[in-house]
Protein chains: 2
Amino acid sequence: MNVQEALTLLKNKGYKHTGKREDIISFFSSENRYRTAKDLLNYMEPNYQGISFDTIYRNLHLFHEVGILETTELNGEKHFRMKCDHQHHHHFICKDCGITKEIHKCPMDEIEEELKSFAIDSHKFEIYGLCPACQ
Amino acid sequence: MNVQEALTLLKNKGYKHTGKREDIISFFSSENRYRTAKDLLNYMEPNYQGISFDTIYRNLHLFHEVGILETTELNGEKHFRMKCDHQHHHHFICKDCGITKEIHKCPMDEIEEELKSFAIDSHKFEIYGLCPACQ
DNA sequence: TTACAAATCGTAATGATTACGATAAAATAA
DNA sequence: TTATTTTATCGTAATCATTACGATTTGTAA
């Protein structure tokens, strides 16, 4: 998802356009990386000195709720990245820098059979390690 | 892993046998379920009134470190269960009760090819939903 | 049984996240 | 443009899981 699509989505859902929101979206759209609330705060602080935690977390959750961001937990902290809106896939995630690489093999197809009596509502398949740059 | 194996493992590694440790191990060995630190505390409290957080968390981490427990994160909380020591597999995890069901299809085999330049050190494949009893 | 290391207690500190009343800013209508 | 309303943000305190630590107790091995 790009910046413009995200802004339009927000507007369509009745949320207001603010400079902070635009900058938050730019921050995430610039890279295929999982980042923390603190990473975002560090990025915002120079331009918006005194920005509140409330603003950071409220927007992260809002963006996740409306589908602008996706989230995962890495070592006890929530991490966020721009939502991938093309075909279903999974990610390799670098433990150091959070960069992601798409994995286009999804194991679920062959598994639903095994779980007939369970009500599946989501699954997580992630691979962790170091990307070439961080090795 | 059963209670006896776990106690022997602890002893072999030079850790002391205490009533609390035995009870913690019993707690986990009784079910195929992910439980939180708080679940464990609730279980221990009646028998050991005033048991310290330190004891709960220290032992959870120790047991994870020596391979008695395995761990995952569900809604921002660490969950623990008895380590499965037989063949590599994954789990379906019930979001309500934490019960697990083994999944014997591992997607990794077919994926390493795609990630030649990455240093893979672990992967997580979990399916979430409701077990038959919780539906 | 003694002595020492390890385990536990009681409680405070930490760190991420959430919450909230007061204020400011964006959108909408007049 | 101005007024009005609604949402966003600030500043800061509260919460919740987890970690840390000095003092005390308990296993264990000599």
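In what follows, chains are A, B, ... by sequence order, proteins preceding strands, each numbered from 1.
- B/H88 is linked by a ring-ring contact (aromatic ring centres under 6.0 Å, His included) to B/H90, B/H123, counting only residues two or more places apart in sequence or in another chain.
- Listed by first then second residue, pairs satisfying ring pair (Phe, Tyr, Trp, His ring centres under 6.0 Å) with a partner in residues 52-79 of chain A number zero, not counting sequence neighbours.
- At a non-hydrogen distance threshold of 4.0 Å, nothing from residues 3-14 of chain B comes into contact with DNA chain C.
- Summarising the geometry of A/T71 relative to A/K78, their closest heavy-atom pair is OG1-CB, 4.4 Å, with the distance given to 0.1 Å.
- For the atom pair A/F80 CZ and A/L60 CG, the distance stands at 4.5 Å (nearest 0.5 Å).
- For residues 15-25 of chain B, proximity to DNA chain C is found at B/Y15, B/K16, B/T18, B/K20, B/R21, defined as any non-hydrogen atom under 4.0 angstrom from a strand atom.
- Hydrophobic clustering (side-chain heavy atoms under 4.5 Å, transitive across Ile, Leu, Val, Met, Phe, Trp, Tyr) keeps A/L41 apart from A/L74.
- At distances below 3.5 Å, not a single donor-acceptor pair connects side-chain atoms of A/E73 with backbone N or O atoms of B/E73.
- If you chain together hydrophobic residues whose side chains sit under 4.5 Å apart, B/I111 and A/I111 fall into the same group.
- Under the 3.5 Å distance criterion, the side-chain polar atoms of B/R21 are left unmatched by any main-chain donor or acceptor of B/N59.
- Residues satisfying the side chain to side chain donor-acceptor pair (under 3.5 Å) criterion with A/R81, sequence neighbours excluded, are A/N32, A/T100.
- Between the side chains of A/Q87 and A/H89, no donor-acceptor pair is found at a separation under 3.5 Å.
- Heavy atoms only, all atoms of each residue included: A/C97 and A/R33 are closest at O-NH1, 2.8 Å.
- Residues meeting the side chain to side chain contact (heavy atoms under 4.5 Å, CB included) test with A/K124, sequence neighbours left out: A/T72, A/E126, A/Y128, B/K124, B/Y128.
- Partners of A/D85 by salt bridge (Lys or Arg N to Asp or Glu O under 4.0 Å), not counting sequence neighbours: none found.
- Partners of B/N2 according to the side chain to side chain donor-acceptor pair (under 3.5 Å) rule, which considers only residues two or more places apart in sequence or in another chain, do not exist here.
- Using a 4.0 Å cutoff on non-hydrogen atoms, the parts of residues 33-40 of chain B near DNA chain D are B/A37, B/K38, ordered by number.
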Pairs under 3.5 angstrom only: tabulate donor-acceptor contacts from the side chains of residues 23-30 of chain A to other protein residues two or more places apart or in another chain.
unit_1	atom_1	unit_2	atom_2	d
A/D23	OD2	A/Y48	OH	3.2
A/S26	OG	A/E22	O	2.9
A/S29	OG	A/I25	O	3.4
A/S29	OG	A/S26	O	3.3
A/S30	OG	A/F27	O	2.9

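- Nucleotides of DNA chain C lying under 4.0 Å from heavy atoms of chain A occupy a range whose first and last members, 5' to 3', are C/dA16 to C/dA27.
- Contacts between residues 46-65 of chain A and DNA chain C, defined by a heavy-atom separation under 4.0 Å, are made by A/F53, A/D54, A/Y57, A/H61.
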